[in-house]
There are 2 protein chains.
Amino acid sequence: MNSSRFSVSLHILTLLNEAKGGIVSSEYLAGSININPVLVRKEIMNLRKHGFVESKEGKGGGSFLAKSAKDINLGDVYKSVRSSNVLGQSKNEPNPKCPVGRQINQHLDALYNDAENALIENLSKQTLADFASGFE
Amino acid sequence: MNSSRFSVSLHILTLLNEAKGGIVSSEYLAGSININPVLVRKEIMNLRKHGFVESKEGKGGGSFLAKSAKDINLGDVYKSVRSSNVLGQSKNEPNPKCPVGRQINQHLDALYNDAENALIENLSKQTLADFASGFE
DNA sequence: TTGTACTGTAATAAAAATAATTACAGAATG
DNA sequence: CATTCTGTAATTATTTTTATTACAGTACAA
């Protein structure tokens, strides 16, 4: 259900933070993360849409943090990337003739949402500044 | 990183609980979950290995809960099924020449483990009995 | 004692999700 | 106006997940 989108986003943000306001190209980011530049640009598109970064087109272009690292909350970053519950959305279709099958998805959803909220709350305790401070 | 293993396991356990000690075949379980019986048997193998269920081979065989539903903790079930961190294990290999790439995986691991622990703690608040009580 | 209905398990194939690649239009710079 | 970027779509490749097929072994029951 997940891909590595959250990791990629954090990696990008950490690199941008390291650049201290300087502009960084998707090529460079892709080189550090070791993935395809197009994936990086897609991820940046999302980060931009959520106000974490800004980009500049054209020669000498690239991306940079749109706000201070201490104002970027890891829980928010997670949410910006999240598409379905970490514990796995119930895209499966259980047997509607079974009393359990009929209702289980709604119960799983409730359980999963609650658990994921705990996870998000935990992530929200840290900002990008906290996370990036671990790097010398 | 995830599959639907946790959902499948919870579904199985709920059905076994519903059966109140009665023996249930993998065929029946697969029918309610709407997945392949072989997958069910694999999942049961895991549940058995962790002491949640027992099975009986041969004609009239099947599975049943190995202990009371109130002694089956959802956090433990999750752990029995977990193979890598929900937030995505860093199987990616970032550029070791980059100061950030070189260390990011260990930082992500620390962050992810902490967050996942919060999720597990949340799940651990409920037992199978609690979860199954939602079904009439 | 033999047929039947299960589990256990391996091997293979199919499907779905993820990531990489290619391609190119458009923007900014020098 | 050539160059170096981004933005984005389309396609292909890879990986992960799930389904299918197959069959040996076990237990029950006639």
Contact under 4.0 Å: [X] side-chain N or O vs [N] OP1/OP2:
| X | N | answer |
| --- | --- | --- |
| B:Ser4 | D:dT18 | yes |
| A:Arg41 | D:dG7 | no |
| A:Asn36 | C:dT21 | yes |
| B:Lys56 | D:dC28 | yes |
| B:Arg48 | C:dG8 | yes |
| A:Ser55 | D:dT6 | no |
| A:Ser25 | D:dC5 | no |

With DNA chain D as reference, determine whether A:Ser63 or A:Lys42 sits nearer its 5' end, using the nearest nucleotide of each.
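The 5'-side residue here is A:Ser63.
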How many Å lie between [atom1] on [X] and [atom2] on [N], as a whole number?
| X | N | atom1 | atom2 | answer |
| --- | --- | --- | --- | --- |
| B:Glu27 | C:dC6 | CD | P | 8 Å |
| A:Ile12 | D:dT6 | CD1 | P | 11 Å |
| A:Ile44 | D:dG7 | CD1 | C1' | 11 Å |
| A:Phe64 | C:dA28 | CZ | P | 13 Å |
| A:Tyr28 | D:dC5 | OH | C1' | 17 Å |
| B:Glu43 | C:dT9 | CD | C1' | 15 Å |
| A:Asn46 | D:dT8 | CG | P | 12 Å |
| B:Asn92 | D:dT16 | CG | P | 12 Å |

Which part of the nucleic acid, if any, lies within reach of B:Ser26 when heavy atoms closer than 4.0 Å are counted: base, sugar-phosphate only, or nothing?
sugar-phosphate
Classify B:Gly61 by what it touches in the nucleic acid, base, sugar-phosphate, or nothing, heavy-atom distance under 4.0 Å.
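B:Gly61: backbone/sugar contact only, no base atoms under 4.0 Å.
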How are the rings of A:Phe135 and A:Phe131 set relative to one another: parallel (under 30°), tilted (30 to 60°) or perpendicular (over 60°)?
perpendicular
Most 5' of B:Lys59 and A:Lys59 on DNA chain C, judged by nearest nucleotide
B:Lys59
If each of A:Leu39 and A:Gly60 is mapped to the nucleotide of DNA chain C with the nearest heavy atom, which maps nearer the 5' terminus, i.e. the 5' end?
A:Leu39
Starting at CG of B:Leu13, measure out to OG1 of B:Thr127 and round the result to the nearest 0.5 Å.
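Here the rounded value is 11.5 Å.
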side-chain contact (heavy atoms from CB on, under 4.5 Å) involving B:Ala118 - partner list, sequence neighbours excluded
A:Asn122
So which nucleotide from D:dA19, C:dT9, C:dA27 ends up closest to the side chain of B:Val38?
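The answer is C:dT9.
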For B:Asn73 and B:Lys125, indicate whether the former's side chain and the latter's backbone hold a donor-acceptor pair under 3.5 Å.
no
Just checking A:Lys70: does its NZ atom have more than 12 heavy atoms from other residues, nucleotides or ligands closer to it than 6.0 angstrom?
no
Pairs meeting criterion side chain to side chain donor-acceptor pair (under 3.5 Å) with involvement of residues 23-38 of chain A, two or more places apart:
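Counting only pairs at least two positions apart or across chains, the side chain to side chain donor-acceptor pair (under 3.5 Å) contacts touching residues 23-38 of chain A are A:His11-A:Ser32, A:Ser26-A:Arg41.
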